[in-house]
Amino acid sequence: MESIRKRPKGDFIAEANMEQLYALTKHWNSDLHFFKDDLNFLYKLLDSYFIWIDKDENYKVASKMKNELLKLRERCEDLLEKTDKHRQQIGKMILEKIKDSRVFRLEHEHLEDEIASFVKAFRLNRLELFKVTEYIKDTDRLPETY
C-alpha cells in the first residue's frame, strides 16, 4: 500500500511555513476525530452481533476483533493528544514569532508518519471486521423471525 500523506508535494514539510503546517495539523485532527467516531460505531456494530452468536469459535473471533478495535481506539486517542499538543506548539511559535528548527520539522514528519501508519491499520482492521461479521452472519444460526 502506498504511503498516505496529505501534503501537496514530497518536500512540503521542509518548505511549508508555520501557518501551512498549522492548517495541515488541523486537518489531521479532523480526520482523527472522524476515525474515532467510526471506531465507536464499528465497536457498537460488533457488540450488537454478540447477542446472536451461538458458536464458541465465532464468539472468540468477535472478541478478538473487539479487542483490536479497542487498541485502535486507544491509538487514535493518543494521536489526537499528540496532534493537539503539536498544533498548540505551532500556534505558539506563530504568535511568538519563534523560528522553527529542523528538530521541529522532524517531529512534524514523525507525527505524520504515525498518523499514516494508524490510517493503514484502521483500514485493514475495518476490512477484517467486515469479513468477520459476514462470516459470523453466514455460519451462525440466526434467530427465527416472529
Side-chain angles (χ1 to χ4, degrees), residues 1-16 18-94 100-146:
M1 179 178 259
E2 69 183 64
S3 179
I4 302 164
R5 295 193 182 262
K6 291 201 175 212
R7 61 173 102 119
K9 55 188 175 184
D11 56 351
F12 178 75
I13 290 177
E15 295 178 4
M18 286 291 116
E19 288 80 7
Q20 291 170 315
L21 294 178
Y22 185 87
L24 179 61
T25 307
K26 279 181 68 171
H27 288 292
W28 292 345
N29 191 275
S30 176
D31 289 348
L32 288 167
H33 277 287
F34 172 80
F35 291 130
K36 180 182 170 187
D37 290 344
D38 203 40
L39 286 166
N40 287 333
F41 170 77
L42 292 172
Y43 186 85
K44 289 176 184 175
L45 176 68
L46 186 58
D47 202 38
S48 70
Y49 272 81
F50 268 76
I51 60 173
W52 307 115
I53 296 175
D54 283 336
K55 293 182 179 178
D56 283 341
E57 171 195 348
N58 290 348
Y59 184 81
K60 288 176 185 175
V61 170
S63 292
K64 182 179 180 229
M65 287 303 304
K66 279 180 73 172
N67 288 335
E68 292 299 318
L69 285 171
L70 286 173
K71 288 177 189 175
L72 273 176
R73 194 164 58 184
E74 288 173 9
R75 191 170 165 193
C76 187
E77 288 286 343
D78 180 57
L79 285 170
L80 276 167
E81 286 179 31
K82 287 178 179 180
T83 304
D84 283 340
K85 191 181 289 187
H86 188 72
R87 193 178 72 223
Q88 289 171 5
Q89 182 181 5
I90 295 171
K92 183 178 179 181
M93 291 171 78
I94 291 170
D100 66 274
S101 65
R102 173 117 173 90
V103 172
F104 170 78
R105 290 190 185 258
L106 285 173
E107 288 173 1
H108 189 87
E109 188 173 347
H110 178 73
L111 181 57
E112 181 182 49
D113 290 342
E114 277 189 77
I115 291 170
S117 173
F118 166 79
V119 171
K120 184 178 179 181
F122 171 84
R123 288 179 177 163
L124 290 173
N125 184 277
R126 195 169 206 255
L127 180 64
E128 185 67 23
L129 176 66
F130 289 146
K131 287 179 185 177
V132 165
T133 53
E134 190 68 27
Y135 173 79
I136 290 172
K137 185 180 75 110
D138 290 346
T139 61
D140 230 313
R141 85 181 152 85
L142 296 174
E144 307 234 350
T145 54
Y146 295 95

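In this structure, Arg102 CZ and Leu106 CG are separated by 4.5 Å, a value rounded to the nearest 0.5 Å. Leu79 contributes atom CG, which lies 11.5 Å from atom CG of Asp31 (distance to the nearest 0.5 angstrom). Atom NE2 of residue His108 and atom CG of residue Asp113 lie 10.5 Å apart, to the nearest 0.5 angstrom. Here His27 contributes atom NE2 and Arg87 contributes atom CZ; the two are 11.5 Å apart, rounded to the nearest 0.5 Å. Interatomic distance, Arg73 CZ to Leu42 CG, rounded to the nearest 0.5 Å: 10.5 Å.
Judged purely by atom type and a 3.5 angstrom limit, Ser30 has no side-chain atom pairing as donor or acceptor with the backbone of Lys26.
When the side-chain hydrogen bond (donor to acceptor under 3.5 Å, both in side chains) test is applied to Asp37, no partner is found at least two apart in sequence or on another chain. Residues satisfying the salt bridge (charged side-chain N to carboxylate O under 4.0 Å, His left out) test with Lys71, not counting sequence neighbours, are Glu68. Shown here are the salt bridge (charged side-chain N to carboxylate O under 4.0 Å, His left out) partners of Glu77, two or more places apart in sequence or in another chain: Lys36. Residues satisfying the side chain to side chain contact (heavy atoms under 4.5 Å, CB included) criterion with Val132, sequence neighbours excluded, are Val61, Met65, Glu128, Ile136. Scored by the ring-ring contact (aromatic ring centres under 6.0 Å, His included) test, Phe104 finds His86 as partners (sequence neighbours excluded). Considering only residues two or more places apart in sequence or on other chains, Gln88 meets the side chain to side chain contact (heavy atoms under 4.5 Å, CB included) condition with none of them. Residues satisfying the side chain to side chain contact (heavy atoms under 4.5 Å, CB included) criterion with Ile94, sequence neighbours excluded, are Met18, Glu19, Tyr22, Ile90. Annotation: side-chain hydrogen bond (donor to acceptor under 3.5 Å, both in side chains) contacts of Ser117 (sequence neighbours excluded): Arg75. With sequence neighbours left out, the side chain to side chain contact (heavy atoms under 4.5 Å, CB included) criterion links Ser63 to Phe50, Tyr59. Take Phe118 and apply the ring-ring contact (aromatic ring centres under 6.0 Å, His included) test, not counting sequence neighbours, and it matches Phe35. Taking the side-chain hydrogen bond (donor to acceptor under 3.5 Å, both in side chains) definition, one finds that Asn29 meets it with His33, Asp84, sequence neighbours left out. Every residue meeting the side-chain hydrogen bond (donor to acceptor under 3.5 Å, both in side chains) condition with Glu114, not counting sequence neighbours, appears here in chain and number order: Lys82, His110.
Between Glu134 and Phe130 the shortest side-chain heavy-atom distance does not fall below 4.5 Å. Side chains of Leu69 and Asn40 form no contact here, defined as non-hydrogen atoms less than 4.5 Å apart. Between Leu111 and Ile115, the closest side-chain pair of non-hydrogen atoms falls below 4.5 Å.
Checked options Val119, Asn125, Leu127; the residue passing with Arg123 is Val119 (criterion: side chain to side chain contact (heavy atoms under 4.5 Å, CB included)).
With a 6.0 Å radius and a threshold of 12 heavy atoms from other residues, nucleotides or ligands, Asn67 has its CG atom above the threshold.
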Fill in: Verdict with supporting geometry, Phe122 and Leu39, side chain to side chain contact (heavy atoms under 4.5 Å, CB included)
CA-CA 9 Å; Phe122 171 84; Leu39 286 166; 3.7 Å; yes
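Here the closest heavy-atom approach between residue Leu32 and residue Cys76 is recorded as O-SG, 3.3 Å.
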